[in-house]
Amino acid sequence: MKRIATVLLAGLGLTCIVMAQGTLSINGAGATFPYPMYSKWFDEYHKKNPKLEINYQSIGSGGGIRQVTEGTVDFGASDGPMTDEQLKAYQDIHGFSVLLFPTVLGADVPTYNIPGVAAELNFTPEALAGIFLGKITKWNDPAITNANKGVNLPGNDIVVVHRSDGSGTTYIWTDYLSKVNEEWKTKVGKGTSVNWPVGLGGKGNEIVAGTVKSTPNSIGYVELIYAIQNNMPYGRVKNSSGAFIKADLASVTAAAAGAAKSMPQDFRVSITDAPGKAAYPISSFTWLLVPSKISDSGKRDAIKGFVKWMLADGQNYTEALSYARLPKEVVGMETKALNDIQ
């Protein structure tokens, strides 16, 4: 049987048509936060299953939720758990539910470009909220300098950069700010898209990282791997225990430790501002969004096979890309939940 697969190379913005003999194509779209991880996984899984192509568009979590709800992709991906309203909208359209499967853990980091400043800066919750509210406008504001003794910060205007698209990275960032700052919670709130008080917008983690890198005196938020891949400085963030913590595998894993013991059956959980002295406070799970009923048995078996592999062998690829592997308790729950896909 011949199938025509549209291969979407999101990172390069290229589209080409491939005619493949006996190839099964699975199409997904969504979050940019885990895109480097998913690209690696889909490539490795294809090596083991040459007749299966998993094509993924890195378009943002909002787009992933929208496309899986509209039924234009086989699965979606999001860094923010779908809301009750979004789950109901899916159920109303399809007559069955969509399931959330956590895949890895990652972190949002504040990355910046301050000419002449090479130091790794410390950021308090108050400073980050103030900057993104547009209330802290100079790099030498006491809210920043008091946490960075000995660093000569300039009096230049701060250029804020944020996501312009529906984004799970934004959901994580705004979920955190809503927990630590009452003004942010009431004036802006949390979501994949918000009405930003100030700043320049960029589509995708890639564009935000590029904008910060090319804009003097700027600050933005990106998933950890994008800061590392672009060789960009990123700051420590003061956690709920009062310690300034750098995002890394250990601190993200520490943030997930508590959640793993009380994970709800639908896997919808927030681990921003998590307790624990070693926990990085802007950490999150990221999720695949998979229909609970898939009429095409070939696609159903292929998706279940991939998720099963991802929960086991796939976790061994996470740390090389600066993502943290899933806690064992969560892997066990997800393995059982695979039976809910019919």
Going through the distances and angles, do Ser284 and Asp79 end up as a side chain to side chain donor-acceptor pair (under 3.5 Å)? CA-CA 7 Å; Ser284 181; Asp79 309 316; over 6 Å; no

Let me check something: do Ile93 and Ile294 share a hydrophobic cluster, defined by ILVMFWY side-chain heavy atoms less than 4.5 Å apart, either directly or through other members? no

Are Asp84 and Lys88 close enough for a salt bridge, meaning some N to O gap below 4.0 Å? no

Is Lys246 salt-bridged to Asp248, going by a charged N under 4.0 Å from an acidic O? no

Using modelled atom types and a 3.5 Å cut-off, is there a donor and acceptor pairing between side-chain atoms of Ser78 and backbone atoms of Pro81? no

Parallel, tilted or perpendicular: which one describes the rings of Tyr56 and Phe42, with boundaries at 30° and 60°? tilted

What distance separates Asp92 CG from Leu87 CG, expressed to the nearest 0.5 Å? 11.0 Å

Would you say Ile207 ends up clustered with Met232 if hydrophobic residues are merged whenever their side chains have heavy atoms under 4.5 Å apart, either directly or through other cluster members? no

Do the non-hydrogen side-chain atoms of Ser58 and Glu206 ever get within less than 4.5 Å of each other? yes

Looking at every non-hydrogen atom in both residues, tell me the closest pair between Ile225 and Pro36 and how far apart they are. CG2-CG, 3.7 Å

Got more than 12 heavy atoms from elsewhere within 6.0 Å of CG, Asn316? yes

Ile245 side, atom CD1; Ser240 side, atom OG - distance, nearest 0.5 Å: 9.5 Å

Heavy-atom distance under 4.5 Å between the side chains of Leu338 and Lys308, does that happen here? yes

Pairs under 3.5 angstrom only: tabulate donor-acceptor contacts from the side chains of residues 271-278 to other protein residues two or more places apart or in another chain.
unit_1 : atom_1 : unit_2 : atom_2 : d
Thr272 : OG1    : Asp175 : OD2    : 2.7
Thr272 : OG1    : Lys179 : NZ     : 3.0
Thr272 : OG1    : Ser270 : OG     : 3.2

Same cluster (ILVMFWY, side-chain, under 4.5 Å), Val161 and Ile228: yes

CZ-CG distance between Phe306 and Asn49, expressed to the nearest 0.5 angstrom: 10.5 Å

Contact between Tyr280 and Asn239 at the side-chain level, heavy atoms closer than 4.5 Å - yes or no? no

As an exercise, state the distance from CG of Asp340 to CD of Glu334, rounded to the nearest 0.5 Å. 12.0 Å

For a 4.5 angstrom cut-off between non-hydrogen side-chain atoms, does Gln86 reach Leu289? no

Check whether any side-chain heavy atom of Glu223 lies under 4.5 Å from a side-chain heavy atom of Tyr35, and answer yes or no. no

Under 6.0 Å from the NZ atom of Lys304, do we count more than 12 heavy atoms belonging to anything else shown? yes

Same cluster or not: Tyr221 versus Val159, using hydrophobic residues (I, L, V, M, F, W, Y) connected whenever any side-chain heavy atoms lie under 4.5 Å apart? no

Test your reading of the model: is there a side-chain donor-acceptor pair from Trp41 to the backbone of Gly314, 3.5 Å cut-off? yes

Sub-4.5 Å side-chain heavy-atom contact between Leu321 and Met37: yes

Which pair of non-hydrogen atoms, one from Gly64 and one from Ile59, has the smallest distance, and what is that distance? N-CD1, 4.1 Å

Side chains of Glu329 and Met263, heavy atoms from C-beta outward: is any pair under 4.5 Å? no

Show, in sequence, the C-alpha distance, side-chain angles and deciding distance for Ser193 and Tyr171, and conclude whether the side chain to side chain donor-acceptor pair (under 3.5 Å) test is met. CA-CA 7 Å; Ser193 296; Tyr171 180 90; over 6 Å; no

With a cut-off of 3.5 Å and sequence neighbours excluded, list every side-chain donor-acceptor pair involving residues 97-118.
unit_1 : atom_1 : unit_2 : atom_2 : d
Ser97  : OG     : Ser292 : OG     : 3.2
Thr103 : OG1    : Tyr38  : OH     : 2.9
Thr103 : OG1    : Thr286 : O      : 3.2
Asp108 : OD2    : Trp173 : N      : 3.3
Thr111 : OG1    : Pro233 : O      : 2.7
Tyr112 : OH     : Ala119 : O      : 2.9
Tyr112 : OH     : Leu121 : N      : 2.8
Asn113 : ND2    : Val212 : O      : 3.1
Asn113 : ND2    : Lys213 : O      : 3.1
Asn113 : ND2    : Thr215 : O      : 3.2

Closest non-hydrogen atom pair, Asn217 against Trp139: O-NE1, 3.0 Å

Any link between Met310 and Ile341 through a network of hydrophobic side chains (Ile, Leu, Val, Met, Phe, Trp, Tyr) touching at under 4.5 Å? yes

Hey, are the side chains of Lys238 and Phe123 touching, using non-hydrogen atoms and a 4.5 Å cut-off? no

Hey, is CG on Asn339 packed in by over 12 heavy atoms from elsewhere, all under 6.0 Å? yes

Shortest non-hydrogen contact from Arg300 to Gln342? CD-C, 3.1 Å

Among residues two or more places apart or on two chains, list those pairs meeting salt bridge (Lys or Arg N to Asp or Glu O under 4.0 Å) that have a residue in residues 123-132. none

Mind checking the CG-CG spacing from Leu177 to Leu133? Nearest 0.5 Å is all I need. 8.0 Å

Atom CD of Gln91 and atom OG1 of Thr69: how far apart are they, to the nearest 0.5 Å? 11.5 Å

One thing to verify: whether Lys47 and Asp43 come together as a salt bridge, which I'm taking to mean a side-chain N less than 4.0 angstrom from a carboxylate O. yes

With ring centroids as reference points, do His94 and Tyr90 lie under 6.0 angstrom apart? yes

Quick one: closest heavy-atom pair of Pro264 and Val269, and the distance? CD-CB, 4.2 Å

Does the pair Lys40 and Glu44 meet the rule for a salt bridge (Lys or Arg N to Asp or Glu O under 4.0 Å), with working shown? CA-CA 6 Å; Lys40 177 65 174 176; Glu44 292 297 329; 2.9 Å; yes

Taking atom types as modelled, is there a side-chain donor on Arg163 or Thr32 under 3.5 Å from an acceptor on the other? yes

Closest heavy-atom contact between Trp184 and Ser178? CD1-OG, 3.5 Å

Report yes or no: does Thr192 contribute a side-chain atom to a donor-acceptor pair with the main-chain N or O of Gly168 at less than 3.5 Å? no

State plainly whether the residues Asp165 and Lys203 are in salt-bridge range, i.e. N to O under 4.0 Å. no

